[in-house]
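Position 1 is the first residue of the sequence, and the numbers go up from there.
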Amino acid sequence: QVSLTESGGGSVQSGGSLRLSCRSSYWNHCMAWFRQSPGKGREGVAVIGVDGSTKYADSVRGRFTISQDGARTTLYLQMNSLTPEDTAMYSCAADYCLSRPPLERLLRGEYAMDYWGKGTQVTVSS
């Protein structure tokens with residue numbers, strides 16, 4: 001069983017930055033960040049695949065950067081130019097991705113990732 005622990009959330013003003021981390025108890029082939037705000041469904045934010053390739057939601061592309069450490073056990077999300085619309089609970093997910101699913105499927109939540117963290121809250125004030 002793989003456990004995931006997120007950290008780095010907090011409250012910032014619009015235009016500010018935060019860096020989220022997700023520590024895994026074991027290495028993973030692919031990892032992703034999702035977010036959910038009250039009254040909205042879960043949204044894929046960014047994903048990193050087996051080969052290190054990345055994909056982002058349109059709403060965060062150019063502002064957020066997903067990365068992993070060399071051991072593939074810690075996932076990061078650097079978030080810049082934050083807006084109130086980015087306010088949400090951010091959760092990381094991980095999977096061995098043995099079937100090499102397309103990143104688009106991971107981002108749209110169409111591939112059921114096996115492991116999830118409990119989330120870290122990000123609040124952006126105007």
Side-chain angles (χ1 to χ4, degrees):
Q1 184 74 15
V2 175
S3 64
L4 302 174
T5 305
E6 301 96 336
S7 62
S11 297
V12 295
Q13 289 192 323
S14 185
S17 298
L18 282 173
R19 189 192 195 205
L20 305 183
S21 298
C22 172
R23 189 176 71 251
S24 172
S25 61
Y26 199 63
W27 61 269
N28 299 279
H29 276 144
C30 60
M31 299 183 78
W33 287 101
F34 290 82
R35 67 185 181 185
Q36 187 166 17
S37 53
K40 294 185 179 180
R42 189 167 62 196
E43 174 191 21
V45 175
V47 59
I48 188 164
V50 173
D51 59 356
S53 58
T54 60
K55 198 160 188 70
Y56 297 89
D58 289 343
S59 58
V60 307
R61 189 177 297 113
R63 300 187 297 124
F64 291 11
T65 303
I66 189 172
S67 61
Q68 245 178 340
D69 69 341
R72 305 196 72 128
T73 57
T74 304
L75 183 71
Y76 303 99
L77 185 68
Q78 178 65 44
M79 305 186 296
N80 298 328
S81 302
L82 286 162
T83 73
E85 288 68 37
D86 295 315
T87 295
M89 179 70 75
Y90 285 71
S91 300
C92 71
D95 197 278
Y96 294 122
C97 287
L98 296 178
S99 63
R100 302 293 193 264
L103 296 187
E104 292 81 0
R105 287 195 65 204
L106 293 171
L107 198 61
R108 291 196 296 262
E110 295 173 354
Y111 178 89
M113 301 185 78
D114 282 341
Y115 307 107
W116 290 81
K118 294 182 178 180
T120 185
Q121 178 67 37
V122 172
T123 302
V124 185
S125 58
S126 57

Applying a strict under-4.5 Å side-chain criterion to I, L, V, M, F, W and Y, I'd like to know whether [X] and [Y] cluster together.
| X | Y | result |
| --- | --- | --- |
| L103 | I66 | no |
| L107 | L75 | no |
| V60 | V47 | no |
| Y90 | Y115 | yes |

Student check: side-chain heavy atoms of [X] and [Y] closer than 4.5 Å:
| X | Y | value |
| --- | --- | --- |
| Y111 | S99 | yes |
| M31 | L4 | yes |
| T65 | Y56 | yes |
| D95 | C30 | yes |
| E110 | E104 | no |
| S91 | R42 | no |

If you compare all heavy atoms of [X] against all heavy atoms of [Y], which two are closest, and at what distance to 0.1 Å?
| X | Y | value |
| --- | --- | --- |
| S17 | N80 | OG-OD1, 2.9 Å |
| M89 | G119 | SD-C, 3.6 Å |
| Q1 | S25 | O-OG, 3.9 Å |
| S126 | S14 | CA-CB, 4.1 Å |
| L106 | F34 | O-CZ, 3.3 Å |
| A57 | E43 | CB-OE2, 4.3 Å |

With rounding to the nearest 0.5 angstrom, report the [atom1] to [atom2] distance, [X] to [Y].
| X | Y | atom1 | atom2 | result |
| --- | --- | --- | --- | --- |
| L77 | T120 | CG | OG1 | 11.0 Å |
| H29 | D51 | NE2 | CG | 11.0 Å |
| S37 | E85 | OG | CD | 10.0 Å |
| K55 | R108 | NZ | CZ | 9.0 Å |

Strictly distance-based, threshold 3.5 Å: is any side-chain N or O of [X] a donor or acceptor partner for the main-chain N or O of [Y]?
| X | Y | result |
| --- | --- | --- |
| R100 | G49 | no |
| T87 | V124 | yes |
| R19 | Y76 | no |
| E6 | K118 | yes |

> Would you call the rings of Y96 and Y26 parallel, tilted or perpendicular, where under 30° means parallel and over 60° means perpendicular?
Replying inline: perpendicular
> Would L82 and F64 count as a side chain to side chain contact (heavy atoms under 4.5 Å, CB included) if you check the C-alpha gap in whole Å, the side-chain angles of each, and the deciding distance to 0.1 Å?
Replying inline: CA-CA 9 Å; L82 286 162; F64 291 11; 3.8 Å; yes
>> Tell me whether the count of non-hydrogen atoms from other residues, nucleotides or ligands lying under 6.0 Å of CZ in R23 goes above 12.
In response: no
> Is the shortest side-chain N to carboxylate O distance from R35 to D86 below 4.0 Å?
Replying inline: yes
> Where do M79 and V45 land on the side chain to side chain contact (heavy atoms under 4.5 Å, CB included) test, with the steps shown first?
Replying inline: CA-CA 11 Å; M79 305 186 296; V45 175; over 6 Å; no
